[in-house]
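Structure record follows, encoded as structure tokens.
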Amino acid sequence: MCGIVGYIGSQNSAPILIDGLKRLEYRGYDSAGLGIYCENRLNVVKAKGKVSVLEAKAEESKIQGTIGIGHTRWATHGIPNEINAHPHFSSDETILLVHNGIIENYAILKDFLIGKGYHFKSETDTEVLANLIDFYYKENNDLLEAVRKALLRVDGTYGIAVISKKEPDKIVVAKNGSPLVIGLGENENFVASDVNALIAHTKKVIYLEDNEIGYVTKDSYLIKSLDNATLNKEISEVDMDLEELSKGGYPHYMLKEIMEQPESLANTFRGRYIEEEGIAKLGGLFGYEERILNSNRIIISACGTSWHAALVGEYLFEQYAGIPVEVEYASEFRYRNPILSKNDTVIFISQSGETADTLAALKEAKRKGALTVGIVNVVGSSIARASDTGVYIHAGPEIGVASTKAFTSQVMTLALITLLLARMKNMSLEEGKEIIQAIQELPAKVQEILNHNSFIKKVAEKLSDAKNFLYLGRGIHFPVALEGALKLKEISYIHAEGYPAAEMKHGPIALIDENMPSVFIAPKDAIYDKVLNNIEEVKARNGQVLAIADKDDDQIDKLADYSIKIPRTHDMLMPILTVIPLQLLAYHIAVKKGLNVDQPRNLAKSVTVE
Ligand code: M6R
């Protein structure tokens with residue numbers, strides 16, 4: 001989704017801003033721009049499309065100066081074009097603003113400003129905010145105070161960076177519902193919506209919280225609350241290297257991230273169990289275990305792939321720990337007026353930790369007194385900070401828009417929480433130890449599947465002309481079917497639906513013919529025979545079948561057109577193995593179709609607006 005960078009120091013800001021914007025490209029965007037102060041003027045370059053187009057235009061225009069702000073825009077109000085791209089000027093070009101989020105009452109504010117003689121060039125809510133700031137700026141020429149007063153009138157979400165040609169020694173920033181971080185350098189400072197844009201320059205950062213505002217100069221900073229109290233903020237050290245953000249020799253981040261799963265999973269579970277006691281040990285949950293275990297119920301809320309992990313979690317908690325669970329889309333939960341009390345636990349799962357719907361659902365659950373637990377990848381992100389407690393999944397940076405390693409690490413984290421709760425309840429020591437052994441052996445089994453990459457690529461190439469796919473699984477593998485279908489949709493633009501396999505005969509079976517492949521997740525578990533019956537039903541209608549099956553399953557080869565064989569593990573961990581061929585299948589189909597795998601159209605890595 002939208003990205004912000006800003007620089008103030010002694011170097012030419014243009015290449016620094018462009019580099020920062022490139023590091024935010026993975027978030028998804030459709031136009032970009034930068035604005036730089038030089039010799040009493042604010043100069044702006046904008047481009048529709050990629051940052052590389054902006055870079056060429058910036059070089060051609062020779063824009064330069066030691067203070068500037070840049071932005072990648074993912075269109076919400078107004079189509080993606082240069083006029084709507086950020087930064088936005090105030091009417092008289094005194095102020096320049098970049099903004100992530102949505103100003104919900106922009107129409108009322110716009111009418112107010114038109115009444116005061118302001119005019120507008122774009123269709124954006126951001127230009128309204130630029131002029132509102134200018135309105136207050138004219139009162140006393142204090143940019144920080146003008147931004148503060150303007151924001152007091154705003155309903156909605158924002159992460160903003162503002163510069164003024166009258167105060168070219170500072171960048172003013174503010175945050176509410178959209179991330180904003182300050183990076184501290186030596187005689188230079190930075191601002192960004194995401195630490196990825198900063199770590200080439202500094203690892204010392206200050207995360208702004210909601211309703212905080214401040215400024216950076218090249219050698220100082222000030223942060224206040226929106227009600228004007230000066231704050232003493234903690235400086236954090238970012239634990240991430242630049243190499244972790246590079247493609248490491250793979251053609252796409254998505255493939256790199258799929259291939260990293262043996263390691264990312266090991267990072268998720270390392271040091272998080274006590275072998276001889278057959279129990280998980282999760283530092284983030286210390287002191288909260290009994291409250292979670294004795295909750296009336298657990299609700300797990302998330303969006304997209306994280307929601308699929310939540311569905312796996314529901315199965316695990318109910319099956320192994322005997323705790324009733326409900327799973328809710330965060331976008332629905334936040335508006336449903338859920339009945340919650342302090343006796344409920346609500347778990348929020350998010351890779352980015354910045355998903356607007358999930359964050360809003362979290363705030364609602366907190367407001368109602370429930371215990372909130374975050375299962376998050378990005379350290380220091382909004383959801384991680386807003387939760388009462390939580391567990392980081394430690395999957396490492398996930399850059400590809402299609403989530404892969406985060407999903408498997410989310411499921412691993414849920415399995416660890418299940419192990420903890422189930423052992424506190426009535427799971428035997430023996431089973432606890434068995435699960436730990438299975439966890440330890442899992443990375444090697446994941447690697448075994450990844451070694452079949454070339455075979456999976458061949459299968460993908462054979463199926464890549466299909467226009468529709470069905471993904472079918474039962475029990476704990478139904479969410480895996482949903483996840484496989486989502487992966488294919490997102491990056492190959494092929495329509496795919498996930499269904500519980502037995503539901504097929506209640507409708508989707510009408511779609512089956514020789515052109516519609518069905519992907520069955522069919523490991524040999526308690527309902528394997530039922531899944532075989534479903535495969536027979538598809539074959540009887542000339543449908544093509546791709547089965548994800550156990551490596552010793554010869555029976556399935558007689559039925560399926562293609563089968564991808566995987567090792568077995570404890571049932572609790574099987575979704576981590578069955579999803580991997582589906583990730584590779586989607587990846588290779590999208591590559592065969594020549595599509596932009598890492599930045600699929602219309603999608604954003606982190607959906608920071610509703
Ligand atoms: O960062 P989050 O896990 O909160 O993101 C939730 C969804 O937006 C995300 O999983 C989305 O569905 C991905 N593109 C899936 O690949």
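What you are looking at is a predicted structure, and each value in this text was computed from that prediction instead of being measured. Every number for a ligand or one of its atoms is a count from 1 in the order of the listing.
In terms of protein heavy atoms, atom 13 (C) of ligand 1 is closest to E490 OE2, 3.3 Å. If you check which protein heavy atom lies closest to atom 7 (C) of ligand 1, you get C303 O, 3.7 Å. Atom 4 (O) of ligand 1 has as its closest protein heavy atom T355 OG1, 2.4 Å. Of all protein heavy atoms, the one closest to atom 10 (O) of ligand 1 is T305 N, 3.0 Å. Of the protein's non-hydrogen atoms, S352 OG, 2.6 Å is the one closest to atom 1 (O) of ligand 1. Looking at atom 8 (O) of ligand 1, its nearest protein heavy atom turns out to be V607 CG2, 4.0 Å.
Screening I323, V312, L316 against T418 for a side chain to side chain contact (heavy atoms under 4.5 Å, CB included) leaves a single residue, L316.
At distances below 3.5 Å, not a single donor-acceptor pair connects side-chain atoms of N267 with backbone N or O atoms of A395.
Geometrically, ligand 1 and Q410 share no nitrogen or oxygen pair separated by less than 3.5 Å. For ligand 1, none of its N or O atoms has an N or O atom of L486 under 3.5 Å away.
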Exercise for review: Decide yes or no on side chain to side chain contact (heavy atoms under 4.5 Å, CB included) for H252 and V591, but give the supporting numbers first.
Suggested key: CA-CA 10 Å; H252 299 100; V591 170; 3.9 Å; yes
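Heavy-atom distances between L603 and ligand 1 stay at or above 4.0 Å for every pair. Not a single heavy atom of E354 sits less than 4.0 Å from an atom of ligand 1.
Residues passing the side-chain contact (heavy atoms from CB on, under 4.5 Å) test with T355 are C303, S350, S352, T358, sequence neighbours excluded.
Enclosure of atom NZ in K48 is not indicated, since only 12 or fewer non-hydrogen atoms of other residues, nucleotides or ligands lie within 6.0 angstrom.
A perpendicular orientation is assigned to the rings of F333 and F348, their planes being inclined by more than 60° (bins at 30° and 60°).
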Side chains of residues 454-474: which donor-acceptor partners sit under 3.5 Å, not counting sequence neighbours?
from : atom 1 : to   : atom 2 : distance (Å)
S464 : OG     : E461 : O      : 3.0
K467 : NZ     : D465 : O      : 3.4
N468 : OD1    : H495 : ND1    : 2.9

